[in-house]
Each structure stands twice: as structure tokens, then as C-alpha cells.
Protein chains: 2
Amino acid sequence: MGITRKTKAVKKLLSLFEPTVSAILAVDLIAQLKEEMNKTTVYRILDRLENEGIIHSFVGSDGLKWYAKCTGCSSNNHNDIHPHFQCTNCKKVTCLPVEIKIPIVENYTIENAAVFLVGKCNECSS
Amino acid sequence: MGITRKTKAVKKLLSLFEPTVSAILAVDLIAQLKEEMNKTTVYRILDRLENEGIIHSFVGSDGLKWYAKCTGCSSNNHNDIHPHFQCTNCKKVTCLPVEIKIPIVENYTIENAAVFLVGKCNECSS
DNA sequence: TATTTTACTGCAACAAAGTTGCGTTAAGCT
DNA sequence: AGCTTAACGCAACTTTGTTGCAGTAAAATA
Ligand SMILES: [Mn+2]
Ligand SMILES: [Mn+2]
Ligand SMILES: [Zn+2]
Ligand SMILES: [Zn+2]
């Protein structure tokens, strides 16, 4: 189950997540890998890696899809529930290593929460 | 500034938000109004109403745009910051009238938060 | 190492959401 | 009623993402 074959394409794509802690836009990955693989392949590999628990995805405030490395997830245990932050200045998106406290609201049984925060990162707030 | 002319189209669109507390998908509005106005018109009216502080928008977990009525906003004061909830069963999306407690995270100055909650609504959890 | 199997990839065509330009219509003011 | 211009319809376009199918290559088997 999952990524059964570690092809050149899979290795190449994974290598782009290595040097950074930031999340990466799916669209940016496609642009960056244009010479090396087809966009269909990029989307398919992202799908598989996410099912494997190697990366996770979320949607930004503009509806675009972001991907970032997981820490300690597997295919049957995706426990990477944390807020994501975007800097309004440098536009970088990062995973915040803090717990989300799921609110208790009457008449609603809340099972999951997606939190997208916006503000200024340390480097950009001079 | 804002909606200067209350046309038939504007009145009709606003009337769809009246009978419900739920949010409405932009795409659903377009489908529902297909016979009465063009989709371009729908998008343009939604834009204007949002700038006026009459409705507010947010993005669901699938990247689609939702709109809901504002309560007590104006064009220069959009203070409708609350979580949104989607029921996994009936798919309805509602505005939750609770305050979002913006987390304090070192190295990040958080200015805004979008919280999208998922679970079961009262009607659907038998 | 040669053969075989099938997971993976490329391509082209498609789908859905949303935007833009421009000519036409109608809201609402005099 | 006539005038001005905000608002509208339409078609064409952009962007993101998906699908079907034929061809390729990773890796298992012999
Ligand atoms: Mn993350
Ligand atoms: Mn709301
Ligand atoms: Zn920054
Ligand atoms: Zn429900």
C-alpha cells in the first residue's frame, strides 16, 4: 500500500521538500518541475505521498492547495493537525508546531479543525 | 461607495440569503439563478455586497467559495471573524457565533484567523 | 543477467471555478 | 420623457485540477 516504487520522479519531488520547513504550493511545484515531469505526474505523486503520511495538504485563503512534510505520520495515522501560517509580506506558509484547541459549541459535534492564520513572520516584522 | 443601485438582480440574490442562516456556495447560487442572471453578474454582485459589509466570504476545505450574511458589519468595518462549520452528513455550512481565540506563537505576529470546523450537526447526529 | 509483470508516466483532451473586455440595457435622477 | 452611467449579458479566456489510454521503466522472478 502506498508508494511502492521510488522512481526518479518521486525522489526528485521529495527532494524539494527537504531543504525547507515551509509549505509549497502545488502550482509552484508544477512550475518548478516543468522540465522534468508532467503536471499530471506531480498531482499523482502528491496524492500518493499524502496517502502514505509523508506529506499533508491544506487549502490557503485563496483556495490554492499547499503541501508540507509530515512529522511522525503514517498511512493509517495522519495526526498532523496543526495551524498553518502565512506571512502577508513574504507570502511564505509554515506549519506551526502548536496544538489546536478544538472549541466546544452547543449543537455541534466537532471532529476536525483547519486553522489558517495570517500575519507577519519574524523576518518580515522589522 | 458600495451598492449604489438596488437592481432586480441584487434584490433577488439577497433574497436567497434571507430565509436561511446557512452559508451558500457561490457555485450553487449561480446554478440556482441560471435562468435569471449570468454567472458573471452573480460574482460581481457578491463582490460588491462583500465590500459593503452585507455578506462575507470564506473558502471551504475543498477550495470552493462560500458566502454568508454579516451581522453588524459595514464597508469600513468587517468584524465578522468567527469559525465556520460544515456537517459531514448534510454538507450544510454555518457561521458559529463564538469568538476565535487567536493563539500566541513565538516568532509570529498573528493578525487574522480563518477557522473551518468539520463534524456533525445536531440534526444529523441521531 | 534476461524476461516478465505491472506500477508509474506523458500526453491530450476535458472539467470546473472564476475573470475580463466590450457592447448593450436599464436604474434612477432631473 | 430624456439623460447619464452603473450594472448586465455574452463570449472568450485563465487557472487549477482530473481522466483515459497507450507507452515506459522499476523491480520481481526466473
Ligand atoms: Mn502542516
Ligand atoms: Mn460566517
Ligand atoms: Zn514573512
Ligand atoms: Zn448535518
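Residue numbering restarts at 1 for every chain, and letters A, B, ... go by the order of the sequence lines.
- Atom OH of A:Tyr67 and atom P of D:dT16 are 14 Å apart (whole Å).
- Using bins of under 30°, 30° to 60° and over 60° for the plane-to-plane angle, the ring pair B:Phe58/B:His84 lands in the parallel bin.
- Across every non-hydrogen atom of A:Ile100 and A:His82, the tightest pair is CD1-C, 3.7 Å.
- B:Ser22 and B:Thr94 make their closest contact through OG-CG2, 4.0 Å (heavy atoms, listed as atom of the first residue, atom of the second, distance).
- The nearest whole Å value for the distance from the CG atom in B:Leu29 to the C1' atom in C:dA17 is 14 Å.
- Among the heavy atoms of the strands lying under 4.0 Å from B:Leu64 are primed sugar atoms or P, OP1, OP2 only; no base atom is included.
- Atom pair B:Met37:CE and D:dC10:C1' shows a separation of 16 Å (rounding to whole Å applied).
- Residue pairs meeting the side-chain hydrogen bond (donor to acceptor under 3.5 Å, both in side chains) criterion with at least one member in residues 24-34 of chain B, sequence neighbours excluded, do not occur.
- When rounded to the nearest whole Å, the span between CD1 of A:Ile45 and P of C:dA7 equals 16 Å.
- In the set C:dT9, D:dT16, D:dT4, D:dT4 carries the atom at the smallest distance from any side-chain atom of B:Arg5.
- The NZ-C1' distance, from B:Lys6 to D:dT5, rounds to 20 Å in whole Å.
- Taking atom CG on A:Leu46 and atom P on C:dC8, their separation rounds to 14 Å, with Å as the unit.
- Regarding A:Lys12, its NZ atom lies at a distance of 15 Å from the P atom of C:dT9, rounded to whole Å.
- Judged purely by atom type and a 3.5 angstrom limit, B:Lys120 has no side-chain atom pairing as donor or acceptor with the backbone of B:Asn89.
- When atom types are taken as modelled, the side chain of B:Lys69 and the backbone of B:Phe17 share a donor-acceptor pair closer than 3.5 angstrom.
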For nucleotides 18-20 of chain D, give me every protein contact, N/O to N/O, under 3.5 Å, one pair per line with atom names.
residue: D:dT19; atom: O4; partner: A:Thr40; partner atom: OG1; Å: 3.3

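- Proximity of B:Thr7 to the phosphate of C:dA27: no side-chain N or O atom is located under 4.0 Å from OP1 or OP2.
- One finds a side-chain N or O of B:Arg48 lying less than 4.0 angstrom from the OP1 or OP2 phosphate oxygen of D:dC8.
- Each of A:Ala26 and A:Lys8 was matched to the nucleotide of DNA chain D holding its nearest heavy atom; the match closer to the 5' end belongs to A:Ala26.
- At distances below 3.5 Å, not a single donor-acceptor pair connects side-chain atoms of A:Lys92 with backbone N or O atoms of A:Cys87.
- Atoms NZ (B:Lys34) and P (D:dC8) sit 20 Å apart, rounded to a whole Å.
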